[in-house]
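Scroll down for the structure; my scribbles are underneath it.
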Protein chains: 2
Amino acid sequence: MKKMNKQRVTLQEVAQHAGVSTSTASLVVRNNPRISEATRNKVLQSMEDLGYVYDRVAANMRSKSSNIVGVIVTDISNTFISEFLIGVQTTLESLGYTVLLGTTFDSVDKQERLISTMVEHRVGGIILNLASKSSARTAKQLNQIRTPKVLANRELSDVQCDYVGVDYEQGTWMAIHHLLQKGHRRIAFLGGIKTSSTWIERMKGFKRAHDDENLTIDDSLIIDIVPTREGGKEALAQVMDQPEPPTAIFCFSDLVAFGVMQELSARSIKPGEDIDVVGFDNIPEAELYHPPLTTVSSFPRSIGVKAANLLYHKMNEQDEELQRLILKPQLHIRETST
Amino acid sequence: MKKMNKQRVTLQEVAQHAGVSTSTASLVVRNNPRISEATRNKVLQSMEDLGYVYDRVAANMRSKSSNIVGVIVTDISNTFISEFLIGVQTTLESLGYTVLLGTTFDSVDKQERLISTMVEHRVGGIILNLASKSSARTAKQLNQIRTPKVLANRELSDVQCDYVGVDYEQGTWMAIHHLLQKGHRRIAFLGGIKTSSTWIERMKGFKRAHDDENLTIDDSLIIDIVPTREGGKEALAQVMDQPEPPTAIFCFSDLVAFGVMQELSARSIKPGEDIDVVGFDNIPEAELYHPPLTTVSSFPRSIGVKAANLLYHKMNEQDEELQRLILKPQLHIRETST
DNA sequence: CTGAAAGCGCTTACAG
DNA sequence: CTGAAAGCGCTTACAG
């Protein structure tokens, strides 16, 4: 809590200096056209002379509005998230909003505190990239707050809220279908938290692709673990140490795939030759990795842009219907599965 | 600009419901110990009953304080920056502050607008990772604002301000010394903007390492270009198309090095075998790249942590002396230069 | 330990 | 086209 020592120049002082009323000065700062040019210029001159700085906090307070939007994400060091954030930020900034950022590092507790903080700061709206273990308790908290909100990337059941994300089921189906066509019959599914919507959707696609070929899934090839590089390494170790290891690996995300490939290297197994690997997200590094990673685009920047636009609508029109925007994914076949 | 339709429960209503005065209720929400347990519980109960949400905006306004800190960075998709941002965020959050984030994408205009916006929002302090083309005009703007501020990663002359960064000169010296020891005599310096402090410091180290061996520098091997992957590609093309191409390349950043290596691949030149490459920053990808990149650690997360702590001090003690915190870099020799 | 009144810096009706 | 007064939801002295 910082105390401001230096006192600001107020609009009242500006008005006095310009010889007009405060209300007139207020209309000038807000560019209201019903002020005459002469008066406007006089006031603007006084503002400059005194070094006036507009106080948005006071303005927002009185007008009960806000041009701050809260954005809560799981982890900005994950390229998928930072790309998403860029989409959100550029869009909101061009609409005149500023972003209050919170990072949960996938902790539900921290997320809960951040949501409260945002609401206490009276943000105009919230964009949420939920932690993977978000629960019914989270849903309850979200439903209680009146602030317009949009969920991105990850849904949560029973939350009355707009949503923007990619079609994870279809994306996974495409990846698995591709591997099955190549003749693989033992495909591992590594990473992700089983209770999260992003995992459940992918699993549906995983199942459907197998069903299409009348194949059954070996549950021992499914490893539920945090979707990070570390998680990938550990999951790979678990699955390769089994009596019947897989011949191909579907990873929850590119980050998991990088961990998987790192551990494969450590074991002198060559991705794309000895075993096939597919990721998810198509982050910029995927293409530049060695070998380049087959993966599914999930267009994080577009998701960010759409989430921001959706929130903008929610904030400005009332009583709009809930929307769900689901982007179509795209499979990029590269060297790890050719 | 969002109008709030639903009116909030006010502290006054809470007080009324609890049968105490507003000032008492105010003391309760702020955990003032001079309120009796009985009264406190009565008020807390009323808050819960009415679903009261603390209005930090009103509180900050009246007390002329703020627990929001503005953080302005060049590009969150750059891992160096996102690591820095994580350091800043976690530190500030643990100190009870929330981050208002601005991204300039290295545009000085956008930076100028963001600084104004932050000040209008009455942030308690600002942490700035300046755009590479920041000028005297930027310095002037910064000197005018009374808000406590800390520069990170990049300095700007004539700005009266604390600074946290790494010793770029020493880091570069270490890298170049290493290459010279390996016998290289034609070392290129690719990327970075010549007017920025980060470039100037590196160039000092570049020169000093050459001077130590009584070697002169061939200016045609120095390419001034935006420090991005694209910049790296372009710079490499320029330098390799010269009659006497370099035998080793020092890159302004790891990002530049990745572009350089991508372009080398395209030309079938093998880094670490046909030519040596050294980066700067040691972002996580550097170690995992193929081949792993020799680079200099600049500890972005630590810089973030230290910048946040420094700002915290600036905001809470007055009239402190200006500080410059310069972290020692570290050379990591990997396959691109062995 | 608690209360009544004033005020942070704006905007909002309402008058003229 | 412009002005005087009230108020946004808190906190801050000041009394008691």
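In what follows, chains are A, B, ... by sequence order, proteins preceding strands, each numbered from 1.
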Between [options], which one does the side chain of [X] approach most closely?
{"X": "A:Ser36", "options": "C:dC10, D:dC1, D:dG3", "answer": "D:dC1"}
{"X": "A:Ala59", "options": "C:dC8, D:dT11, C:dT11", "answer": "C:dT11"}
{"X": "A:Tyr52", "options": "C:dG3, D:dT2, C:dC10", "answer": "C:dC10"}
{"X": "A:Ser63", "options": "C:dT11, D:dG9, D:dT2", "answer": "C:dT11"}

- dist A:Thr22:OG1 -> A:Leu11:CG (nearest 0.5 Å) comes out at 6.5 Å
- Task: Working to the nearest 0.5 Å, report the span between OG of A:Ser116 and CD1 of A:Ile145.
- Result: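 Answer rounded to 0.5 Å: 8.5 Å.
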Please work out if [X] contacts a base, only the sugar-phosphate, or nothing of the nucleic acid, heavy-atom cut-off 4.0 Å.
{"X": "A:Ser23", "result": "base"}
{"X": "B:Thr10", "result": "sugar-phosphate"}
{"X": "B:Val20", "result": "sugar-phosphate"}

- Task: Give a yes or no on whether a salt bridge exists between B:Arg324 and B:Glu155, defined as a side-chain N under 4.0 angstrom from a carboxylate O.
- Result: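 Yes.
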- Note on the structure: Sorted by position of nearest nucleotide on DNA chain D, 5' first, the leading residue of A:Met61 and B:Arg30 is A:Met61
- Message: Any strand counts, and the cut-off is 3.5 Å on both contacts for Watson-Crick or G-U wobble. Which nucleotide pairs with C:dA15?
- Response: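 Across all strands, the one nucleotide that pairs with C:dA15 is D:dT2.
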Are side-chain heavy atoms of [X] and [Y] found at a separation under 4.5 Å?
{"X": "A:Thr138", "Y": "A:Leu130", "value": "yes"}
{"X": "A:Val53", "Y": "B:Glu120", "value": "yes"}
{"X": "B:Tyr54", "Y": "A:Val119", "value": "no"}

- Query: In whole angstrom, what separates A:Leu27's CG from C:dT12's P?
  - Reply: 9 Å
- Task: Round to the nearest Å and state the distance from B:Lys64 atom NZ to C:dA6 atom P.
- Result: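 Nearest whole value for this atom pair: 19 Å.
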- Going by number, which of residues 42-51 of chain B have a non-hydrogen atom under 4.0 Å from DNA chain C?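 The answer is none.
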